[in-house]
Amino acid sequence: MKTALHEWNLAPKEAIALQKELAQQLELTDRIDPVTHIAGMDIGFEDNGDTTRAAVVLLRWDPATAPDLTVVEQIVHREPTRMPYIPGLLSFREIPAALGAFEKLSVMPELIMVDGQGIAHPRRLGIAAHLGLWLDLPTIGVAKSRLYGKHDEVGEERGDWVPLRAGRDTIGAVLRSRNKVKPLFVSPGHRISLETSLEWVMRCLGRTKLPEPTRLADRLASRRDQRKQAAIQASENASVD
DNA sequence: GCGACAG
DNA sequence: ATCTTGTCGC
């Protein structure tokens, strides 16, 4: 997989035009190979934002032990940050680094859960949708807050959900993944339906609010984990001295 | 023109 | 996203 830089280094106006074009290529019906591995992806930043840190966690999917998934591989990939955060253009800022992490994976997953929106986006191309198109893999957007769309209040119990709408279209779901905790915004990215997206998120839910794939990727990409890793490196170097 | 606004 | 400790509650 080679990344054509011109595809990512775009001025906002061009990026927006490309999103509208790419959104038409999305498949919102299930086209998923038998799932044996699921990946979670998230991004973090270091050096006052100058370095982008992409984290991908590969998990083995076994219906017999779910939602206890086995971590098969963890990748952290760093690159210089290429552009600032602009609402609606998140994928152009974060996907290049994410691709670097996926390239280092020894096994590609059949399904990816991304921290961010799928089609619940003003032009229907959130980061999960964009990544899915690029990798040609099924993706689900699992966001911790809303970017776009309207919705009614959602029930208080785990599993309750209400549709997230944009005009007459349903673009995702507001899902209560834990009792009385702020809901998740789930939307299909590519090669998957909303119904199936919700099934997979529910299936991968452990005790916490986030499904295991994004929870672990979140943790690996976090500032807290960066500090922990730095400390481990320091102690290893010290013991070698 | 005035807000809203994933991470 | 990130800056940041303790603390209220199930």
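Please read these numbers as outputs of a predicted model, since none were measured by experiment. Note on naming: letters A, B, ... go to the chains in the order of the sequence lines (proteins, then strands), and numbering restarts at 1 for each one.
Atom CZ in R93(A) sits 6.0 Å away from atom OG1 in T52(A) (nearest 0.5 Å). Here the straight-line distance linking atom CD of Q25(A) with atom NE2 of H190(A) works out to 8.5 Å at 0.5 Å rounding. Taken to the nearest 0.5 Å, the CD1 atom of I127(A) stands 4.5 Å off from the CE atom of M41(A).
In this structure, the side chains of L99(A) and W8(A) come closer than 4.5 Å at one or more pairs of heavy atoms. Side-chain contact check for L89(A) versus R123(A): some heavy-atom pair is nearer than 4.5 Å. Contact check for L164(A) versus S187(A): no side-chain heavy atoms found under the 4.5 Å cut-off. Looking at T51(A) and F45(A), their side chains never come closer than 4.5 Å, going by heavy atoms from C-beta outward.
For I127(A) and dA1(C), the CD1 to P distance is 12 Å, given to the nearest whole Å. E94(A) has its CD atom 10 Å from the P atom of dT2(C), to the nearest Å. As a whole-Å value, the separation of R53(A) CZ from dA1(C) C1' is 13 Å. Whole-Å rounding puts the L89(A) CG to dA1(C) C1' distance at 16 Å. Going from atom CG of D47(A) over to atom C1' of dC3(C) covers 15 Å, rounded to whole Å.
Annotated stems with DNA chain C as a participant are lacking; only runs of 3 or more Watson-Crick or G-U pairs under 3.5 Å would qualify.
For E110(A) against T36(A), the heavy-atom pair with the smallest separation is OE1-N, 2.8 Å.
Residue contacts for N179(A): at a heavy-atom cut-off of 4.0 Å it reaches no nucleic acid atom on any strand shown. Using a 4.0 Å heavy-atom cutoff across all strands shown, D42(A) reaches sugar-phosphate atoms only and no base atom. Heavy atoms of Y85(A) sit under 4.0 angstrom from at least one base atom. Heavy atoms of G88(A) sit under 4.0 angstrom from at least one base atom. Within 4.0 Å (heavy atoms only), K144(A) reaches sugar-phosphate atoms of the nucleic acid but no base atom.
Residues R31(A) and D136(A) are paired through a salt bridge, judged by an N-O separation under 4.0 Å between the basic side chain and the carboxylate. Between E156(A) and R176(A), at least one side-chain N (NZ, or NE/NH1/NH2) sits under 4.0 Å from a carboxylate O, which counts as a salt bridge.
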Close N/O contacts between protein and nucleotides 6-10 of chain C (under 3.5 Å):
none

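A nucleotide of DNA chain B counts as in contact with chain A when one of its atoms lies under 4.0 Å from a heavy atom; the first and last such, 5' to 3', are dA4(B) to dG7(B).
One N or O on the side chain of Q19(A) and one on the backbone of G88(A) form a donor-acceptor pair closer than 3.5 Å.
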